Amino acid sequence: MASPLTAGFCELVFNSAEAPEGVQPTLQVLSVKKINAPGASGQDRYRLILSDGKHFIQAMIATQLNHMVESKELDKNVLIKMTGYVTNAVQGRKLVIILQLETVPWNGEKIGNPTNLEQQQGAGGTSAPAAAAAAPKQEVGGFAARQQSSAGRGGAASKPGARGKQEVGPLYPIEGLSPYQNKWTIKARVTQKSDIKHYSNQRGEGKLFSVTFMDETGEIRATGFNEAVDNFYNMLEEGKVFFISRARINIAKKQFSNVNNEYEIMFENQTEIEPCDDDTVPQVKYNFKGIGDLGELQKDEICDVIGVVREVHELGSVTSKATNKPFAKRDIQLVDSSGQSVRLTLWGKQAETFQADDQPVIAFKGVKVGDFGGRSLSMFSSATMSVNPDISEAHQLRGWFDAEGHNTQFQAYTNQGNANSTSGAAQGAKPSELKTIGEAKDESLGMSEKTDYFTTSATVAFVKQETFSYPACANPEGCNKKVVDDGTGWLCEKCDRKWDNPIHRYILSMNVMDHTGSFWITAFNEQAEQIMEISANDLMKLKEEGSDINAPFQKATGKTYAFQMMAKQDSFNDQPKVRYQCRRVSAPDYVSESAHLSQLINQMNV
DNA sequence: CCCCCCCC
């Protein structure tokens, strides 16, 4: 029986300068693998090994085909007909990028015994990879044809011939652009446009701007200098779709951009940009990180966030340490249904002009994560924000906030416990950061010079009965110092007074536990009294009368509280250890606790 | 060819 596969296709791709025009090969998938580097908008990327029965080559699928992998429609041994693809050669390796495919019915068996073309070529002649690297090629398969026909169906005047006076090459996916190829046109939407920036350096003065383009396969940043600013700045409106051709492709300097592409476009004098009225090009894609999950990100990471603007702070100004220049800044507070709030800082013109007095939902793309106050967010030059966008996440947030969110007490990000580093007098102080007992131990809270503060939701497992109190100075003005019985009365060294009887105050040792572990904590009088529901002095009286005092201890056991904790370094027999002191006891706050737990669950990566 | 993204 003849093989259903397109014989010789792999060799053709690997060796030929020209891609087979109009060929839609049928190939077999030998493997599908998720690769580590995420694609545009943080989506997963999949690498395929494709066989023509004799050889195999590597391929990537465009992210809009990811669902076919996820549904297992695209899987090992499946036959596919590639109806849209480009081939890409970088560093001597050929890669097929599949833009569109159809699966072909097949019995699931592997066809032939294909071998790796790359290795054979490399072993056969050492010059092969070098030659490929020196003269890399990129050719287009079915993509251009598909684009033309779909544009034709839509009635848009977007056939290559109608795009401009000169032949500028076939329509390319952004994902298929590379520096080795200059005959291309992309059709893409401007998702972000910077202000015009003027600069002055050794080379002279100049101005520039940049935009981010997006199509169904990816995004790319483009920059224009001087004349390009005059030619294109006004035309390239945010949100609109354009044909772009005859521009240069450079290697992107990733450290200065959050745009997900190895390359970037540089507008040149001969660059052509024309508006396009085809609106099928995708809108901005978001990959939102929940506000409660920002702890999973590293400082300086870039992310997308959506939230309700709960507070808008006044316009302020800071002076940059680096440049000594003043910058306008404005902080806003964002919340979402995680129960967590986060501060986001706007800069410059954006800070000055920001207005939101009706608690809108705002979607932010490309904001930078900071670690000030635990977690904070900052606008970036290439960040965008969209007020009340018409996306489901925004509608959900609006509904949640109006129904219940406006009454929620939000948990702010804090540095470890510093929210409570002032004494308990801080009424209405924000609750300090929730930590499980396991986290408190893992993070070695209380093991450094400074005292750490945190809150633990835990259950009383055991209360020590033997010593629960100390005899304290009875001075009604409040002294609370320990007093000693010298035989003639209880002496307070601080007050220099003697009392017939001391007042017993709690120094209660308890073992408390949560799902991650347990630790021993000490509660002093007020907190212990809350837990024991009897004063230490009364309890001591009962004990001295010889009564059974077991009942209040039993009653205290098994109850769950939010313990505001202070963890301090201490030593015991020359071994450093942590002393955990309970500074406040309250009913558990299930809202913030749930937010904390869901954050922990998300960190499990399951 | 810019490339700073700031402060507390």
Side-chain angles (χ1 to χ4, degrees), chain A residues 179 192-212 220-233 236 247-271 297-305 311-333 341-354 364-385 412-416 418-419 421-422 430:
Chain A
Q192 193 264 353
K193 181 168 83 165
S194 75
D195 292 332
I196 296 171
K197 189 194 162 185
H198 296 264
Y199 65 91
S200 160
N201 58 22
Q202 308 95 298
R203 295 156 176 268
E205 301 204 338
K207 58 183 175 181
L208 74 133
F209 79 109
S210 64
V211 292
T212 306
I220 191 164
R221 187 181 191 227
T223 305
F225 286 86
N226 303 317
E227 304 93 281
V229 177
D230 301 332
N231 291 340
F232 304 127
Y233 186 79
L236 287 171
R248 191 150 47 113
I249 308 281
N250 288 337
I251 304 285
K253 294 170 191 166
K254 303 282 276 184
Q255 67 269 35
F256 301 126
S257 158
N258 61 333
V259 174
N260 208 322
N261 201 310
E262 293 304 310
Y263 306 121
E264 58 188 25
I265 291 174
M266 192 71 76
F267 297 139
E268 296 182 299
N269 286 334
Q270 72 270 25
T271 295
L297 299 180
Q298 301 294 309
K299 174 174 151 58
D300 297 334
E301 260 190 85
I302 304 294
C303 67
D304 302 345
V305 169
E311 291 171 12
V312 179
H313 293 248
E314 288 181 11
L315 186 65
S317 174
V318 298
T319 305
S320 162
K321 279 177 181 165
T323 63
N324 247 359
K325 278 195 234 164
F327 281 89
K329 78 155 225 176
R330 189 194 295 274
D331 289 337
I332 63 175
Q333 188 198 47
S341 67
V342 71
R343 192 190 78 174
L344 183 145
T345 304
L346 305 163
W347 300 98
K349 205 189 284 177
Q350 215 156 27
E352 287 165 10
T353 57
F354 185 84
F364 293 88
K365 182 162 185 61
V367 292
K368 196 171 86 160
V369 176
D371 62 0
F372 183 77
R375 275 290 172 273
S376 59
L377 296 171
S378 178
M379 279 306 263
F380 209 59
S381 64
S382 52
T384 60
M385 55 184 225
Y413 278 100
T414 60
N415 285 323
Q416 303 183 134
N418 72 354
S421 56
T422 51
K430 297 213 166 83

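This one's a predicted model, so the numbers in the text were calculated from it and none came from an experiment. Because only heavy atoms are used, hydrogens play no part in the values below, and waters and symmetry mates are left out as well, while side chains stay in.
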Please report, rounded to the nearest Å, how far the [atom2] atom of [N] is from the [atom1] atom of [X].
| X | N | atom1 | atom2 | answer |
| --- | --- | --- | --- | --- |
| Glu268(A) | dC1(B) | CD | C1' | 12 Å |
| Lys368(A) | dC4(B) | NZ | C1' | 10 Å |
| Asp371(A) | dC7(B) | CG | C1' | 14 Å |
| Ile251(A) | dC2(B) | CD1 | P | 18 Å |
| Lys299(A) | dC6(B) | NZ | P | 7 Å |
| His198(A) | dC3(B) | NE2 | P | 13 Å |
| Ile196(A) | dC3(B) | CD1 | P | 16 Å |
| Leu344(A) | dC8(B) | CG | C1' | 16 Å |

[X] side-chain N/O to [N] phosphate OP1/OP2 under 4.0 Å:
| X | N | answer |
| --- | --- | --- |
| Lys325(A) | dC7(B) | no |
| Lys207(A) | dC1(B) | no |
| Asn226(A) | dC1(B) | no |

Which side-chain N or O atoms in residues 314-322 of chain A pair as donor and acceptor under 3.5 Å with protein atoms at least two apart or in another chain?
from	atom 1	to	atom 2	distance (Å)
Ser317(A)	OG	Phe327(A)	O	3.4
Ser320(A)	OG	Ala322(A)	N	3.1
Ser320(A)	OG	Thr323(A)	N	3.2
Ser320(A)	OG	Thr323(A)	OG1	3.2

Next item on the list: Find out whether Gln298(A) and Asp300(A) are in side-chain contact, i.e. whether some heavy atom of one side chain is under 4.5 Å from a heavy atom of the other.
Entry: no

Check: Mind checking what makes side chain to side chain donor-acceptor pair (under 3.5 Å) contact with Glu311(A), not counting sequence neighbours?
Finding: His313(A)

If you go through the side-chain atoms of [X], does one of them form a donor-acceptor pair with the base of [N] closer than 3.5 Å?
| X | N | result |
| --- | --- | --- |
| Lys329(A) | dC7(B) | yes |
| Tyr199(A) | dC1(B) | yes |
| Arg221(A) | dC2(B) | no |

Classify [X] by what it touches in the nucleic acid, base, sugar-phosphate, or nothing, heavy-atom distance under 4.0 Å.
| X | answer |
| --- | --- |
| Arg343(A) | base |
| Gln350(A) | nothing |
| Thr345(A) | base |

Margin query: Please identify which of these residues, Tyr199(A), Tyr233(A), Phe232(A), meets the ring pair (Phe, Tyr, Trp, His ring centres under 6.0 Å) condition with Phe209(A).
Written below: Tyr233(A)

Notebook entry, point to check: Can you find a side-chain donor-acceptor pair between Gln192(A) and Thr384(A) that sits under 3.5 Å?
Noted result: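 There is no such pair (donor and acceptor under 3.5 Å, judged by atom type) between the side chains of Gln192(A) and Thr384(A).
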
Margin query: Between Asp195(A) and Lys197(A), does any side-chain N to carboxylate O distance fall below 4.0 Å?
Written below: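 No salt bridge links Asp195(A) with Lys197(A).
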
Margin query: For dC2(B), is there a stacking contact with Phe225(A), counting only centres under 5.5 Å and planes under 30°?
Written below: no

Check: If we require ring centres under 5.5 Å and near-parallel planes under 30°, does Trp347(A) stack on dC5(B)?
Finding: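 Check failed, Trp347(A) does not stack on base of dC5(B).
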
Compare the minimum distances between each of [options] and the side chain of [X], then state the nucleotide with the smallest one.
| X | options | result |
| --- | --- | --- |
| Ser320(A) | dC8(B), dC6(B), dC1(B) | dC6(B) |
| Thr223(A) | dC5(B), dC2(B), dC8(B) | dC2(B) |
| Lys321(A) | dC2(B), dC6(B), dC7(B) | dC7(B) |
| Met266(A) | dC6(B), dC1(B), dC3(B) | dC1(B) |

